[in-house]
Number of protein chains: 2
Amino acid sequence: MAQKKNRAAGAAKTKNGIRNKLFDFKREQILEVAERFFYHRGYQATTVDAIAEELGVTKPFIYYHFENKRDILLHLLERTMSRSLSVFDGVDVEKGPPVEILKELVQRFVLAVIETRVSTAMFWRDEKDLPISDKENIRKMKRDIDGGLARIIERGIESGCFKVNDPKMVSICIAGMISWIYTWYQSDGRCTPDEIADRMSEYILNMVGAH
Amino acid sequence: MAQKKNRAAGAAKTKNGIRNKLFDFKREQILEVAERFFYHRGYQATTVDAIAEELGVTKPFIYYHFENKRDILLHLLERTMSRSLSVFDGVDVEKGPPVEILKELVQRFVLAVIETRVSTAMFWRDEKDLPISDKENIRKMKRDIDGGLARIIERGIESGCFKVNDPKMVSICIAGMISWIYTWYQSDGRCTPDEIADRMSEYILNMVGAH
DNA sequence: AGAAAAATATACTATATAGTATAATTAAAT
DNA sequence: ATTTAATTATACTATATAGTATATTTTTCT
């Protein structure tokens, strides 16, 4: 196999830290534009040329920083997913009062979806454009989220503070109603993100029969 | 403007009923294949040639029956939307017991989404590929659904049988958690559509604080 | 049966676009 | 300063694909 001439494939390889940072910075710029364009026009309908033009560069610039178009999409989706998973950071679903934990998780999750709504939309729309192996990886992360929610609900039922059937389905419903925010949230809308988070956590606590 | 040579633009114009039915039948066949392909590959990634090939015909056959590719998508989305709106058929949200009505609406809505899950997925994914005027039309239908749910919830609150804040947001949450089904439902899954409908209506009645 | 209309196919155009070979330029290293 | 490596552009290839002009076949009508 011929050596690749660009650096896109892996991490930057030089010892020079400044260069690496510059490289990463440029990648960020590309990702930012790509995210905007993919969101508004869709992945397939966005041309690499259009991204380059928006940045005031040419196509080979993009291909120097990313292997190909799919690679850009993949980076965007992975970033979104890891932001979503970060909702569980510092939370132990196996310990502590279920009501408080569920409330906290829901609120964090709402804010995460609002924050990443653009890439979340792509996530549900353009996932099909990824190769199967990457898709698997992403599906797994989704399951982790549903699983975490299901676990805390199970604990709540066992300890008697929740009253609801089928924790797995409940957790999918919760994840769904929160994820759905990306379809309707407007930054100039009636409610702030915090207000949305508060209401939804109320609704959800009702839903699981918390008391 | 030159006269179009095909009949795709409007309804079939001949007086011959059999021909019209044949024409409609062929359009149905095209829509069926298009729906499958748009769903799996996405609208942009589906070629008109591929649809034709699957049907064992050639491209002009398609263009004889539809104005263009977007026209096919539009028909699919309108069909889905009208199926979703049919959920309200024979239901008067202004009369009758809110608990019963909401339960009935939720169950019907769940079954409608499951039934039309393929086109519902397209609906949320490929809507952006429509011209603005068609998009508006479709957005309006979405609002009608949310509005209908909001109204019954308002009535429930007024009459004291529901206890929840912000009926508009609740209705969006309900619509979202139900619509979300298209992302996870599998016909070989753990629950039947009726079971899903039952559970979800329970969850939702909990959510609005019904008693 | 023969003329007219409708339905479908063949063969094409025009264009868009992902990706690349190679040249030019800029920065780093000695 | 000169050489080498890294970065970006110019100009290209190859291919895919929406849509159409025209010919052919099939159906309908008288």
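Here the structure is a predicted model, which means the values were calculated and not measured. The sequence lines fix the lettering, A, B, ..., with proteins before strands; numbering per chain opens at 1.
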Practice problem: Could I get the full list of ring pair (Phe, Tyr, Trp, His ring centres under 6.0 Å) partners for B/Phe162, not counting sequence neighbours? | Solution: none

Quiz item: To the nearest Å, how far apart are B/Ile30 CD1 and C/dA7 P?
Solution: 12 Å

Exercise. Please report, rounded to the nearest Å, how far the P atom of D/dT8 is from the CZ atom of A/Arg27.
Key: 13 Å

Quiz item: Out of D/dA21, D/dT8, C/dA7, which has the shortest distance to the side chain of B/Tyr64?
Solution: C/dA7

Residues 130-140 of chain A side chain polar contacts: donor-acceptor under 3.5 Å, at least two apart:
residue, atom, partner, partner atom, Å
A/Arg139, NE, A/Glu127, OE2, 3.2
A/Arg139, NH2, A/Glu127, OE1, 3.1
A/Lys140, NZ, A/Asp144, OD2, 3.1

Practice problem: Report the distance from atom CG of A/Asp71 to atom C1' of C/dG19, rounded to the nearest whole Å. | Solution: 14 Å

Self-check item: Phosphate OP1/OP2 of D/dT8: any A/Lys26 side-chain N/O under 4.0 Å
Solution: yes

Self-check item: Qualifying salt bridge (Lys or Arg N to Asp or Glu O under 4.0 Å) pairs, either residue in residues 165-194 of chain B, two or more places apart
Solution: A/Asp166-B/Arg190, A/Arg190-B/Asp166, A/Arg199-B/Asp166

Practice problem: Give the rounded distance in Å between these two atoms: CD1 of A/Ile62 and C1' of D/dT8. | Solution: 11 Å

Check nucleotides 16-18 of chain C against the protein and report each pair of N or O atoms closer than 3.5 Å, with its distance, or say if there are none.
residue, atom, partner, partner atom, Å
C/dA18, OP1, A/Lys69, NZ, 3.3
C/dA18, OP2, A/Val48, N, 2.9
C/dA18, N7, A/Lys59, NZ, 3.0

Quiz item: What residues form a ring pair (Phe, Tyr, Trp, His ring centres under 6.0 Å) with B/Phe37, not counting sequence neighbours?
Solution: none

Quiz item: Roughly how many Å is it from CD in A/Glu67 to P in C/dT20, rounded to a whole number?
Solution: 10 Å

Quiz item: To the nearest angstrom, how far is B/Phe25 atom CZ from C/dA6 atom P?
Solution: 22 Å

Self-check item: Side-chain donor or acceptor of A/Thr192 paired with backbone N/O of A/Glu195 under 3.5 Å
Solution: yes

Quiz item: How would you list, by chain and number, every residue that makes a side-chain contact (heavy atoms from CB on, under 4.5 Å) with B/Thr116, sequence neighbours excluded?
Solution: B/Thr80, B/Arg83, B/Ser119, B/Thr120

Self-check item: d(CG, B/Asp24; P, C/dA7) in whole Å
Solution: 11 Å

Quiz item: Are B/His65 and C/dT8 close enough that a side-chain N or O sits under 4.0 Å from OP1 or OP2?
Solution: yes

Quiz item: Which whole-number value in Å describes the distance from A/Leu22 CG to D/dT8 C1'?
Solution: 14 Å

Exercise. Any chance you could lay out the side-chain contact (heavy atoms from CB on, under 4.5 Å) test for A/Tyr39 and A/Tyr182, step after step, and finish with the verdict?
Key: CA-CA 11 Å; A/Tyr39 175 65; A/Tyr182 84 81; 5.8 Å; no

